[in-house]
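What follows is one structure encoded as structure tokens, with my remarks underneath.
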Amino acid sequence: MNMNYTAEELAFRDEVRAFLDEKLPADIAAKVKGFRKMTKEDHQRWQKILTEQGWYASHWPEEYGGVKWTPVQKHIWDEESCAYGVPRTIPFGVNMVAPVIIKFGTEEQKQHYLPKILSGEHWWCQGYSEPGAGSDLASLKTRAVREGDHYIVNGQKTWTTLGQHANMIFCLVRTNTEVKAQEGISFLLIDMDTPGISVRPIITLDGEHEVNEVFFQDVKVPVENLVGEEDKGWTYAKYLLTYERTGLAGIGLSKAALTHLKQLASRRQKNGKPLLEDPTFGQRIAQVEIDLMAATISNLRIIAAVEGGGVPGAESSMLKVKGTEIRQSINDLARRAIGPYAVPFVEEEMSLDYEGEFLSDENASPLAAQYFNNRKLSIFGGSNEIQKNIVSKMILGL
Ligand SMILES: Cc1cc2nc3c(=O)[nH]c(=O)nc-3n(C[C@H](O)[C@H](O)[C@H](O)COP(=O)(O)OP(=O)(O)OC[C@H]3O[C@@H](n4cnc5c(N)ncnc54)[C@H](O)[C@@H]3O)c2cc1C
């Protein structure tokens, strides 16, 4: 495996840097780098800029408005965009439901939904999990019964990320109770404004409203909103999950967070010296940096295999486990670096407009909240325990 970029790849990196220098709004980058609150409007503003550049749908076929980046180009984009403070793409439309529509949808569905994802007119959320159906997703119970040219949907979804902003939801629903669990599931596209849908917030450990419960009571969904065939939704659901897991390792994000951690530790003092020079703390940072370097190399190995025509298999599970553990370790060290100041949470400090005095370091106020929020990393996208089951079966042959 050649670890060096080719001349073309270096030229692409320059192009990415020039674009970000010119087009990334300074206020948005400051929010991302300072871990401040992003609004829906921030996300939409940045999406519009990326779409105008033609880079928003970086893995769609070109005929639908995508761009043909190689795996290495995607890796370069990931590293550079994280270093610059580009907001994380909200994945539910562009990275999740779109590939399913492109592969399994009708021509009408492609023509109707894909342009609205690109333009930002549709904000999607993901209706997979239910109370009682998380890791064991196939046991889901939300029921869709066909009546003429509609399905009548009843049930509940949960943990629906950013569902409060969404005007569309893709749902796994049970259309057949007479067969094996996996064989009676269908994939429906549902307009969130349909009567009978209600959204209730779940407030997470960090005090944020990021996830929701979504209830369906006699919701009428036109049959043309079914993707593919009735009862075949499990196949499409699994296809979508391969896209969900891609990028969950968050190597670029960890690199940016590590840089921030080092800056923080060089400003904080312990026994009259920067915390970074404390042997115990320094050793912990070194350990996480070594793990991150190893994960980066593994990521590149997978990229090289994909470039050579391979398909990422259980290696992505390994990378998801290591990548999320690394991010959580960096969050933990950052929280420890500011010590007791991590505990009080001053809401106002989360705004870029805040002009008061900071309780601790200017870039330290959101760290405890971030630590709590990122406990989710080892749960969603297939919990780390489930990923370990996959690794033990597929790689270790246990
Ligand atoms: C912040 C956040 C956002 C989310 N966003 C969405 C979203 O937008 N849309 C959506 O549909 N879902 C979403 N999810 C749901 C997520 O996919 C589930 O939480 C996840 O699949 C785990 O399911 P569960 O919470 O029901 O836990 P359970 O499946 O009940 O698991 C509980 C514990 O048991 C372990 N466990 C379960 N089965 C096994 C096994 N076979 N072997 C070993 N250990 C096992 C798990 O690892 C976990 O530690 C989100 C979750 C979180 C936390």
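What you see is a predicted model, and the numbers here were worked out from it, not measured in a lab. Whatever order the structure lists them in is the order used to number ligands and atoms, beginning at 1.
Dense packing is recorded around NZ of Lys40, with more than 12 heavy atoms of other residues, nucleotides or ligands lying under 6.0 Å away. The local environment of CD in Gln217 is sparse, with at most 12 non-hydrogen atoms from other residues, nucleotides or ligands closer than 6.0 Å.
Less than 4.0 angstrom separates some heavy atom of Thr161 from each of these atoms of ligand 1: 3 (C), 4 (C), 5 (N), 6 (C), 7 (C), 8 (O). Counting the atoms of ligand 1 from 1 in the order shown, those under 4.0 Å from a heavy atom of Lys376 are 1 (C). Listed by number with element, the atoms of ligand 1 under 4.0 angstrom from any heavy atom of Phe380 are 2 (C), 3 (C), 50 (C), 51 (C). Less than 4.0 angstrom separates some heavy atom of Ile386 from each of these atoms of ligand 1: 38 (N), 39 (C), 40 (C), 41 (N). Residue contact check: Tyr128 has heavy atoms under 4.0 Å from atoms 11 (O) of ligand 1.
Taking a cutoff of 4.0 Å between a charged side-chain nitrogen and a carboxylate oxygen, Arg13 and Glu9 do not qualify as a salt bridge. Taking a cutoff of 4.0 Å between a charged side-chain nitrogen and a carboxylate oxygen, Asp27 and Arg45 qualify as a salt bridge.
Comparing heavy-atom distances from atom 28 (P) of ligand 1 across Cys125, Ser135, Gly127 singles out Ser135 as nearest. In this structure, of Met96, Glu385, Arg375, Gln126, the residue bringing a heavy atom nearest to atom 49 (O) of ligand 1 is Glu385. Among Leu137, Ile379, Leu205, the residue whose heavy atom lies closest to atom 19 (O) of ligand 1 is Ile379.
Between Asp136 and ligand 1, no N or O atom pair is found at a separation short of 3.5 Å. Taking any N or O of Trp159, backbone or side chain, at least one lies under 3.5 Å from an N or O belonging to ligand 1. The N/O atoms of Ser383, backbone and side chain alike, include one that comes under 3.5 Å of an N/O atom in ligand 1.
Figure legend: Lys270 and Phe281 shown without cation-pi pairing, the cationic atom not lying both under 6.0 angstrom from the six-membered ring centre and within 45 degrees of its axis.
Residue pairs meeting the side chain to side chain donor-acceptor pair (under 3.5 Å) criterion with at least one member in residues 114-123: none, sequence neighbours excluded.
Judged as a side chain to side chain contact (heavy atoms under 4.5 Å, CB included), and not counting sequence neighbours, the contacts of Lys23 are Phe19, Ile49.
A donor-acceptor contact closer than 3.5 angstrom links the side chains of Thr175 and Asp231.
Counting heavy atoms under 4.0 Å from ligand 1, residue Asn389 touches it through the side chain alone.
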